2 protein chains.
Amino acid sequence: MDSTVTIKDVAALAGVSVGTTSRVLSGNPSTSPAARERVHAAVAELGYRPDARARSLRSARSQTVGLLISDVRNPFFADVAHGAEQAALRSSYVTLLANANEDPKQQDTYLESFLTQRVDGIIIAPQGEESAHLRTLATTVPLVFVDRTVDGFEVPSVTSDNALGIDQAVAHLADRGHTRIGYIGGPRSISTGRARHDAFVRSVARHGLDTDPGLITSGDFRSASGAVAAERLLSGGQPPTALLAADSPMAVGALGALRRRGLRIGSDVDLVAFDDIEWFSELDPPLTVVSHDAQAMGSTAMRLLLDVIEGRTPESVVLPTRLVVRESSGGARRQA
Amino acid sequence: MDSTVTIKDVAALAGVSVGTTSRVLSGNPSTSPAARERVHAAVAELGYRPDARARSLRSARSQTVGLLISDVRNPFFADVAHGAEQAALRSSYVTLLANANEDPKQQDTYLESFLTQRVDGIIIAPQGEESAHLRTLATTVPLVFVDRTVDGFEVPSVTSDNALGIDQAVAHLADRGHTRIGYIGGPRSISTGRARHDAFVRSVARHGLDTDPGLITSGDFRSASGAVAAERLLSGGQPPTALLAADSPMAVGALGALRRRGLRIGSDVDLVAFDDIEWFSELDPPLTVVSHDAQAMGSTAMRLLLDVIEGRTPESVVLPTRLVVRESSGGARRQA
DNA sequence: CGTTTCCATGGAATCGTTTCCAAGGCGACC
DNA sequence: GGTCGCCTTGGAAACGATTCCATGGAAACG
């Protein structure tokens, strides 16, 4: 019932034309105080709510942005989404949140849907390598990458300083006397997977640690793959004395694998994760992490996107990382 | 560039009228094979994408539903959202996800925004008590409650069997010989907070356990409040030997509090949580939980909503819970 | 007092679709 | 062979807003 009230009904009740009503509602200065008053009274009485579809159809602005993330259930991306959404709200934009579910096909489905909804812009944490779809997208609508990038795109992005973060973790483990660090990386098809891997290789060499390629494994950024990778690293002839996981779900997987082997974390084996998650400090032992501010990443991405929408050409942003040492690499080491 | 292609351009290129083009695209059977072929060719050549706003403006169907949850960063709700979204996708609806952030004011902001977007329906995990806003909402647009309900609303809902779940947990702890169980509940302003509290009181009495009101505390469904509540329970003169938390973030908070007190979980004190979270089994010790299927809750809610949208009047659904015993209440108890 | 300027207003066009209506063409049936 | 009916089509109205354009009246200026 309520929702069938249109601007015509408001105009009729207020005794003015539709044009005048629209001007009053959009804050156009060419309106008399009398008209303003009567229109506002009519709006209140009828419970009128403008139709965003009609409005944006005519005005070519939908006040809507799309946010496409890899996996809502990954706490890191949930935080990113939260930050982006709050920033959008402050600029009175509505966020359409879509969940690619780490599946390039769903990613395309949602991008398609964003486009038919005529969003004013899109923030995306891209899946996999460059797709033709993404390519046409970039020329069609304002676009910003968040957390991940795709090579060859002139698109503003917000990322973490992966090289710094990995180096902080490696330096810390080297300080604790480790020479053989096992690395659990992400897929090479994702930019963060590549960046962190390359940083690890460089950092290990720089600190003069063991560069044995057998110390490097990779998973798919999900929990189960972390367990498999940890298992493989530890069952080698000369197992590492510390593990560095490239994201938090894989770190959790590795944690389980270590425990199942009966190893004590923080003394038998050190464990460090990239990504901080609220409850990591409640684990037993609390996990040492490379922390980066997911929420800030989201809000920054939204700021860049709004800049692009308004015609500016913002610079990409690289956010700093910070090492937070906890007990998983903070206790006394038990020497073999 | 791409996005300025309209149905007129397609019609012109295909050499047919706009009406015919529209009929072909919407699968109207009154079209000749020749017309179909030419229209589809033109669509492909121009990269045409229909404008969802114009379409829904005319057809009064937006193929869009709103999903308003309490907190995206709570893994339980992230799973609910995931389930709902996937179900919507299967019926080719788009989900607008909004995050009330456990704040009734933001809830209203988003509801307002859903309404101006003319969504076809809304799924909501309501905050706080009945608001006038919610009341008018229910008469305006198809509505479904998920996880939580509000008294006095004739609205279909999907909830967990809170009474069953709490009873499973209490029975399990009673079996293990506990007589004093500390309860960490949620706010009374939220239906799940009330239902679980009442179930706890009844269940404790039924099993002949200690009904000391000092054993009952409550938080706000967030982590920090769980720690505070656990602290208070344990610092009493006659502390409980087991703790039951009404949701997972509070359980995590309680876990931290127990550990800071130097208590061993599963032997000194048992801990059980309502809500299962993937990584609960990776904690040390793995947490005993009352498990309910958040994803099913989301997809069921979406099914109910689509039913309502299509004019049916579906029954509310109560999903079963299941006790999963792990080491936090599975080992040998250390008798005081 | 006449003319110009400005402000508020109403009416109409417009955005990109869907859908209704009228009509043309063609086969089929009597 | 004529009429009926079906199938397909084009044209136009409609959805609910914004915005352009023209107009009327009041204020200001000479």
Side-chain angles (χ1 to χ4, degrees), chain A residues 1-40 42-43 46-64 94 113 115-120 140, chain B residues 1-40 42-43 46-64 94 113 115-120 140:
Chain A
M1 304 286 103
D2 216 9
S3 63
T4 65
V5 177
T6 78
I7 197 170
K8 256 185 219 165
D9 303 316
V10 175
L13 180 60
V16 298
S17 75
V18 169
T20 299
T21 307
S22 172
R23 276 183 289 262
V24 168
L25 293 177
S26 63
N28 188 313
S30 282
T31 50
S32 68
R36 277 195 285 267
E37 190 177 334
R38 306 181 59 184
V39 167
H40 284 133
V43 164
L46 295 175
Y48 168 69
R49 238 180 287 279
D51 186 319
R53 303 166 304 176
R55 190 205 291 268
S56 86
L57 183 58
R58 177 59 229 248
S59 62
R61 279 302 210 75
S62 70
Q63 291 292 112
T64 288
V94 177
S113 145
L115 258 21
T116 68
Q117 298 285 336
R118 300 291 191 268
V119 295
D120 291 338
T140 304
Chain B
M1 303 287 104
D2 215 8
S3 63
T4 66
V5 177
T6 78
I7 198 171
K8 255 185 219 165
D9 303 316
V10 175
L13 181 60
V16 297
S17 75
V18 168
T20 298
T21 308
S22 171
R23 276 183 290 263
V24 168
L25 293 178
S26 63
N28 187 314
S30 285
T31 50
S32 67
R36 276 194 286 267
E37 190 177 335
R38 305 181 60 182
V39 167
H40 285 133
V43 164
L46 296 174
Y48 169 69
R49 239 179 287 279
D51 186 319
R53 302 166 304 175
R55 189 204 291 267
S56 85
L57 183 58
R58 176 61 229 244
S59 61
R61 280 300 213 76
S62 70
Q63 291 292 112
T64 288
V94 177
S113 145
L115 257 20
T116 67
Q117 299 285 336
R118 299 292 191 267
V119 295
D120 290 338
T140 303

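Bear in mind that the values here come from a model prediction, so they are computed numbers and not experimental data. So that the names make sense, note that chain A is the first sequence line, chain B the second, and so on, each numbered from 1.
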Which atom pairs link the protein and nucleotides 6-9 of chain D when you take only N or O atoms and keep those under 3.5 Å?
residue : atom : partner : partner atom : Å
D/dT9   : OP1  : B/S32   : OG           : 2.6
D/dT9   : OP2  : B/S32   : N            : 3.1

Send over the distance from [X] [atom1] to [N] [atom2], rounded to a whole Å.
| X | N | atom1 | atom2 | result |
| --- | --- | --- | --- | --- |
| A/L25 | D/dG16 | CG | C1' | 13 Å |
| A/N28 | C/dT9 | CG | C1' | 11 Å |
| A/R53 | D/dA17 | CZ | C1' | 11 Å |
| A/E37 | C/dA8 | CD | C1' | 16 Å |

Contacts of [X] that satisfy side-chain contact (heavy atoms from CB on, under 4.5 Å) - sequence neighbours left out:
| X | answer |
| --- | --- |
| B/R23 | B/T20, B/N28, B/T31 |
| A/L115 | A/I122, A/L137, A/V141, B/R49 |
| A/V18 | A/I7, A/K8, A/A11 |

Would you mind telling me which of D/dC15, C/dT17, D/dT18 lies closest to the side-chain atoms of B/L57?
D/dC15
Regarding the side chain of A/R55, the nearest nucleotide among C/dT18, D/dT18, D/dG16 is D/dT18
Do you know the tightest heavy-atom contact between [X] and [Y]?
| X | Y | result |
| --- | --- | --- |
| A/V39 | A/V16 | CG2-CG2, 3.9 Å |
| A/D9 | A/T4 | OD2-O, 3.7 Å |
| A/T6 | A/Y48 | C-CE1, 3.6 Å |
| B/V5 | B/L46 | CG2-O, 3.7 Å |
| A/G15 | A/R38 | CA-NH2, 4.2 Å |
| B/V94 | A/S113 | CG2-OG, 3.4 Å |

Restricting to nitrogen or oxygen on both sides, can you table the protein-nucleotides 12-14 of chain D pairs closer than 3.5 Å?
residue : atom : partner : partner atom : Å
D/dA14  : N3   : B/R58   : NH1          : 3.1

Between B/S22 and C/dT18, is there a side-chain N or O to OP1/OP2 distance below 4.0 Å?
yes
Based on the rotation axes of five pairs at each end, what angle does the helix from C/dC1-D/dG30 to C/dC30-D/dG1 bend through, to 10°?
50°
Do side-chain atoms of A/R118 reach the backbone of B/R53 as a donor and acceptor pair under 3.5 angstrom?
no
Is a side-chain donor or acceptor of A/D120 paired with a backbone partner of A/S62 at a separation under 3.5 angstrom?
yes
